[in-house]
Enquirer: 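This structure is in structure tokens; I'll ask about it shortly.
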Protein chains: 2
Amino acid sequence: MAKFKLDEIDHQILDMLIDNTRVPFTDIAKKLVISAGTVHVRVKKMEEAGIIKGSSLTLDYKKLGYSFIAYVGVFLQKTSQTKFVLERINEIPFVTVAHVTTGKFNIFCKIRAKNTEHAKDVIFKLDDIEGVYRTETMISLEESINDKKRLMHSIFNEL
Amino acid sequence: MAKFKLDEIDHQILDMLIDNTRVPFTDIAKKLVISAGTVHVRVKKMEEAGIIKGSSLTLDYKKLGYSFIAYVGVFLQKTSQTKFVLERINEIPFVTVAHVTTGKFNIFCKIRAKNTEHAKDVIFKLDDIEGVYRTETMISLEESINDKKRLMHSIFNEL
DNA sequence: GGTGAAAGCACCGAGTT
DNA sequence: AACTCGGTGCTTTCACC
């Protein structure tokens, strides 16, 4: 996985697109005092290089009625079952991310649900997977996000 | 936080935009056999209602040299320090999310770093915060993402 | 690797049903 | 609420630097 060289202009373009992907290229061009064609070519190159993997909408899941977030640590009977269990976990709706981890848990996942009742259903599905010994749930009382823009800036400052 | 009524057409529109925010509204209109103006009006309504909070680019952090992910559980001396510590955590670069949680840890966060060396610096910064008693790190060996599209479909199927 | 202009489309508001 | 339509402005390409 080779690093890819981005220059200051690429940084600026990403900076303008990272939290609003529909900013017109003409606006970016104006701000950076380059032509819109150049913006287009550079974005295309970053897409081809795979630096830009895609774009997505940020939805307000709370407004959709899904305000419950929890992290669930999964203990396995044998670590050799990791792959199998991970595949089963990925089939469970409302599990949003899963990681194989070192440390306390074998697998660690995040779930998003309507409420505790609904979360219980999801966690029971996790517990029911063959090879899962037990789970440990941490309910999120408050989420505080250090946004993508900040992460990107930190990365650019170090490069 | 009231729920917002989305109909089948809204679902379809979100479905097309969720993993490519730059799909032309005319394409969406063609596929759903409605006019582009209608797509425009509906997207605007969802934005105004706050269902669509924004859009963002998905970057490949591995390609940028940041392939290390870890979760860090934070133990506090007193839970009353939660707010203060959370604010300090949010100032630390490369911490991407933080949650106040029930269960084992008081605060739980995710970090993204270049390598173990770099992660160590971040974790030391967490340990150094006044009021933090100790931390426990879980290194991610493999990330498996249950994408947004799937979560959205699960939600739509339940509504 | 960048530009500027031109052609082709998309966006988006106004007016209509 | 949805449609059509038209002005405005965005994207994308291409010949040239």
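Reckoned from all heavy atoms, side chains included, excluding hydrogens, waters and symmetry mates. The sequence lines fix the lettering, A, B, ..., with proteins before strands; numbering per chain opens at 1.
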Enquirer: From the set dC10(D), dC3(D), dC11(C), return the single nucleotide nearest to any side-chain atom of I34(B).
Expert: dC3(D)
Enquirer: Please report the distance, rounded to the nearest Å, between NZ in K30(A) and P in dT3(C).
Expert: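 Atom-to-atom, K30(A) to dT3(C), this comes out as 15 Å.
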Enquirer: Looking only at atom types and distance, does a side-chain atom of S55(A) sit under 3.5 Å from a main-chain N or O of T21(B), one as donor and one as acceptor?
Expert: yes
Enquirer: Please tell me which of D27(A) and K44(A) maps to the more 5' nucleotide of DNA chain D, matching each residue to the nucleotide holding its nearest heavy atom.
Expert: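 Upstream on the strand: D27(A).
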Enquirer: Check every atom of dC12(C), dT12(D), dG1(C) against the side chain of K45(A) and return the nucleotide holding the closest atom.
Expert: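 Looking only at side-chain atoms, K45(A) lies closest to dG1(C).
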Enquirer: For D10(B) and D7(B), indicate whether the former's side chain and the latter's backbone hold a donor-acceptor pair under 3.5 Å.
Expert: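 The answer is yes, because a donor-acceptor pair under 3.5 Å joins these two groups.
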Enquirer: Measuring centre to centre across the rings, with the benzene-like ring taken for any Trp, is F108(B) within less than 6.0 Å of F108(A)?
Expert: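 Yes, the ring of F108(B) comes within the 6.0 Å limit of the ring of F108(A), centre to centre.
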Enquirer: Rounded to the nearest Å, what distance is computed from the CD1 atom of residue I9(B) to the C1' atom of nucleotide dC3(D)?
Expert: 13 Å
Enquirer: According to a strict under-4.0 Å criterion, is T38(A) in side-chain N/O contact with OP1 or OP2 of dT3(C)?
Expert: yes
Enquirer: dG1(C), dA10(C), dT11(D): which one has an atom nearest the side-chain heavy atoms of R42(A)?
Expert: dG1(C)
Enquirer: Please report the distance, rounded to the nearest Å, between CG in L17(A) and P in dC10(D).
Expert: 14 Å
Enquirer: Tell me whether the centres of the aromatic rings in Y71(B) and H99(A) are closer together than 6.0 Å.
Expert: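 Ring centres of H99(A) and Y71(B) closer than 6.0 Å.
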Enquirer: Between P on dA10(C) and CG on N20(B), what's the gap in Å once rounded to a whole number?
Expert: 14 Å
Enquirer: Atom NE2 of H40(B) to atom P of dG6(D): distance rounded to whole Å?
Expert: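 In whole Å, dG6(D) P and H40(B) NE2 are 19 Å from each other.
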Enquirer: Could you tell me whether the side chain of Y61(A) reaches within less than 4.5 Å of the side chain of L151(B), counting heavy atoms only?
Expert: yes
Enquirer: May I have the distance from L32(A) (atom CG) to dG1(C) (atom C1'), rounded to whole angstrom?
Expert: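 Those two atoms, CG and C1', are 15 Å apart.
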Enquirer: When you get a sec, tell me which of dC12(C), dT13(D), dT3(C) is the closest nucleotide to the side chain of S35(A)?
Expert: dT3(C)
Enquirer: Can you check the D10(A) CG to dG1(C) P distance for me, whole Å?
Expert: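 My rounded result for the distance is 10 Å.
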Enquirer: Would you mind reading off the distance between R22(A) atom CZ and dG9(D) atom P, rounded to a whole angstrom?
Expert: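 After rounding, the gap between these two atoms is 18 Å.
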